[in-house]
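Whatever order the structure lists them in is the order used to number ligands and atoms, beginning at 1.
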Amino acid sequence: MLVLGIETSCDETAAAVVKDGKKVFSSVVSSSSDFHRRYGGVVPEIACRRQSDLIDLVTGSALAQAKAKLDDVGLVAVTAGPGLVGALLVGISFAKTLSFCRGLPLVGVNHLEAHLYANFLDRRGPEFPFVGLLVSGGHTALVLVKDFDDYRLLGSTLDDAGGEAFDKVAKLMGLGYPGGPEIDRLGAKGDRERIKFPRSYLEEDSLDFSFSGIKTAVLNYLQKHPLRGKGKGAAAADVAAGFQEAVVDVLVDKAALACRKNGVRRLAAGGGVSVNSRLRQRLKERAGKEGLRLYFPLPGYCLDNGAMVAGRGYWEYRRRGQDDFYLTAVPNLEIGRGSVVK
Ligand code: KG4
Ligand code: ZN
């Protein structure tokens, strides 16, 4: 079955055509990040307007690149949450319209579950059970995934998400938005040991995260040691490397702890921060030491995309059938809740 996946939860407008939840025929992503850059973060109103400008074009391109017509599509899957309510509603309204006009079944998808599902796109993916480490711009979570419809939240962030910490620290350093890729690049040139930023582990054995303290620590450091120029010299590289190392330490330690505590030997990452080169390297090292099998989505499916929504939607549909037209945006949807709050 060909599934059309639509993703509009934040600043990416994305659509994809995926066969049987696995094989990606096309994946088109258009980001409005250029329009947010001057504000240093996503402006919801701008994101929402760009979604409605682009959704039709992006969906048309996804179908054309897959050499498919709407008549070939068997299901429309759309992100129902979490995300920005206005942005989500654009995708949901568009998907409902397609569903109604073409008589196609419609299914809502949980964006966070879709990020972990990305591990199964164009590759075999982990067997169940596995621990999912999800790190994106809005969320950080550890999840025990026992089956396609059995996700148990083990821990999540109490304040800033991992990607949010990267974005905020990049802003403090005068780097561009989104900050993750900038810090990744700059940090690779810096000394990871020179500046020791705090690692927040919370209580012993806790699988929750907190990243707001490290952001304040970087702010305090920068007030005492202002960066010259555009924040891209050697001193800035050390700040980026030191900050990145502190975040990565906590993510890697807690992911390994989650596997140990649950007796699980498979770990799968997902979300925008899972493309981070230092995180990938450190997870590989730790997985080698602890005998864990490690999985990442292909790089094109780590950041927001429609393929993960189509893939996840295929399984939602197989397991629980279609949604009705009461499907709506759920801005604070949690992982493990599927696409609707009952
Ligand atoms: O999953 P995603 O596309 O959107 C959300 O669902 O939030 O993740 C976007 C986040 C942003 O915070 C961005 O800075 C971060 O992923 N990111 C990175 C890298 N590339 C993107 N963080 C660290 N290193 C990267 N290379
Ligand atoms: Zn995302």
Side-chain angles (χ1 to χ4, degrees), residues 5-14 16 27 29-33 36-37 40-42 44 47 51 78-84 87-88 91 109-119 121 132-141 156-157 160-173 175-190 209 211 214-215 240-241 243-248 250-252 269-283 296-309 311-312 331-335:
I6 293 172
E7 156 60 42
T8 66
S9 66
C10 192
D11 56 343
E12 270 90 27
T13 310
S27 177
V29 181
S30 174
S31 173
S32 62
S33 60
H36 304 289
R37 195 156 286 133
V42 175
Q51 296 291 2
V78 63
T79 302
L84 302 170
L88 287 165
V109 168
N110 181 313
H111 180 86
L112 308 178
E113 296 172 8
H115 266 308
L116 289 180
Y117 185 83
N119 281 283
L121 294 172
L133 170 67
L134 166 77
V135 199
S136 70
H139 296 84
T140 303
S156 58
T157 182
D160 291 354
E164 188 179 359
F166 273 88
D167 294 336
K168 288 180 174 171
V169 163
K171 191 173 176 188
L172 292 174
M173 295 174 68
L175 302 171
Y177 171 83
E182 300 262 355
I183 292 197
D184 194 347
R185 268 193 299 275
L186 189 59
K189 294 186 236 156
F209 299 89
F211 292 115
I214 184 165
K215 177 190 65 190
F243 158 76
Q244 182 168 260
E245 203 62 9
V247 171
V248 167
V250 176
L251 290 173
V252 172
V273 182
S274 68
V275 286
N276 181 271
S277 37
R278 186 66 184 149
L279 177 62
R280 285 191 170 220
Q281 186 186 4
R282 292 283 312 281
L283 280 174
F296 292 105
L298 290 169
Y301 310 136
C302 287
L303 289 134
D304 288 352
N305 65 87
M308 67 184 195
V309 176
R312 177 85 194 120
N332 54 357
L333 193 58
E334 287 168 12
I335 198 159

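- Under the 3.5 Å distance criterion, the side-chain polar atoms of Thr79 are left unmatched by any main-chain donor or acceptor of Gly81.
- Cys10 does not count as a contact of ligand 1, since none of its heavy atoms falls under 4.0 Å from the ligand.
- Nearest to the Zn ion (ligand 2), among the N, O or S atoms that Asp304 has, is OD1.
- The single protein non-hydrogen atom nearest to atom 24 (N) of ligand 1 is Asn276 ND2, 3.0 Å, given as residue, atom name and distance.
- Closest of all the heavy-atom pairs between Val273 and Phe166 is CG1-CE1, 4.0 Å.
- The closest protein non-hydrogen atom to atom 15 (C) of ligand 1 is Val273 CG2, 4.0 Å.
- The protein non-hydrogen atom at the shortest distance from atom 13 (C) of ligand 1 is Asp167 OD1, 3.8 Å.
- Ligand-side atoms of ligand 1 in range of Gly163: 12 (O), range being under 4.0 angstrom from any heavy atom.
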>> Let's go through Gln244 and Asn276 carefully: what are the C-alpha distance in whole Å and the side-chain angles of both, what is the deciding distance for side chain to side chain donor-acceptor pair (under 3.5 Å) to 0.1 Å, and is it a yes or a no?
In response: CA-CA 9 Å; Gln244 182 168 260; Asn276 181 271; 2.9 Å; yes
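- Considering backbone and side-chain atoms together, Gly272 places an N or O closer than 3.5 Å to an N or O of ligand 1.
- Restricting His111 to its N/O/S atoms, the shortest distance to the Zn ion (ligand 2) is reached by NE2.
- Under the 30°/60° scheme for interplanar angles, the aromatic rings of His111 and His115 are found to stand perpendicular.
- Of the N or O atoms in Val275, none lie within a sub-3.5 Å distance of an N or O in ligand 1.
- In terms of modelled atom types and a separation under 3.5 Å, the side chain of Thr8 and the main chain of Ala87 share a donor-acceptor contact.
- The backbone N or O of Cys10 sits less than 3.5 Å from a side-chain atom of Gln51, completing a donor-acceptor pair.
- The backbone N or O of Leu116 lies less than 3.5 Å from a partner atom in the side chain of Asn119, making a donor-acceptor pair.
- Side chain of Asp304 to backbone of Ser9: no donor-acceptor contact under 3.5 angstrom is found.
- Atom 10 (C) of ligand 1 has Gly137 N, 3.5 Å as its closest protein atom, hydrogens excluded (heavy atom only).
- Remark: side-chain polar atoms of Arg312 are not paired, donor with acceptor, to backbone N or O of Val109 under 3.5 angstrom.
- Residue Gly138 has at least one heavy-atom neighbour below 4.0 Å for each of these atoms of ligand 1: 7 (O).
- Any N or O atom pair closer than 3.5 Å counts here, and Phe166 shares no such pair with ligand 1.
- Leu251 CG to Leu283 CG: the interatomic distance, rounded to the nearest 0.5 Å, is 8.0 Å.
- Under 2.8 Å from the Zn ion (ligand 2) lies no N/O/S atom of Cys10, from backbone or side chain alike.
- For the Zn ion (ligand 2), the set of nearby N, O or S atoms under 2.8 Å includes none belonging to His139.
- Here the side chain of Ser32 pairs a donor or acceptor atom with the backbone of Asp11 at under 3.5 angstrom.
- For atom 18 (C) of ligand 1, the closest non-hydrogen atom on the protein side is Gly180 CA, 3.5 Å.
- If you look at Asp184 next to ligand 1, the close heavy atoms, those under 4.0 Å, all belong to the side chain.
- Below 3.5 Å of separation, one finds no N or O of Gly271 facing any N or O of ligand 1.
- Residue Leu303 has no N or O atom closer than 3.5 Å to an N or O atom of ligand 1.
- Taking every non-hydrogen atom of His111 and a distance limit under 4.0 Å, the qualifying atoms of ligand 1 come out as 6 (O).
- In terms of polar-atom proximity, defined here as any N/O pair under 3.5 Å, Asp304 does make such a contact with ligand 1.
- If you number the atoms of ligand 1 from 1 as listed, the ones under 4.0 Å from a heavy atom of Pro178 come out as 14 (O).
- With ligand atoms numbered from 1 in the order given, ligand 1 contributes 1 (O), 6 (O) to contacts under 4.0 Å with heavy atoms of His115.
- No salt bridge links Arg278 with Asp184; every basic N to acidic carboxylate O contact stays at or beyond 4.0 Å.
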>> Is there a salt bridge (Lys or Arg N to Asp or Glu O under 4.0 Å) between Arg282 and Glu245? Walk through the geometry before answering.
In response: CA-CA 9 Å; Arg282 292 283 312 281; Glu245 203 62 9; 3.0 Å; yes
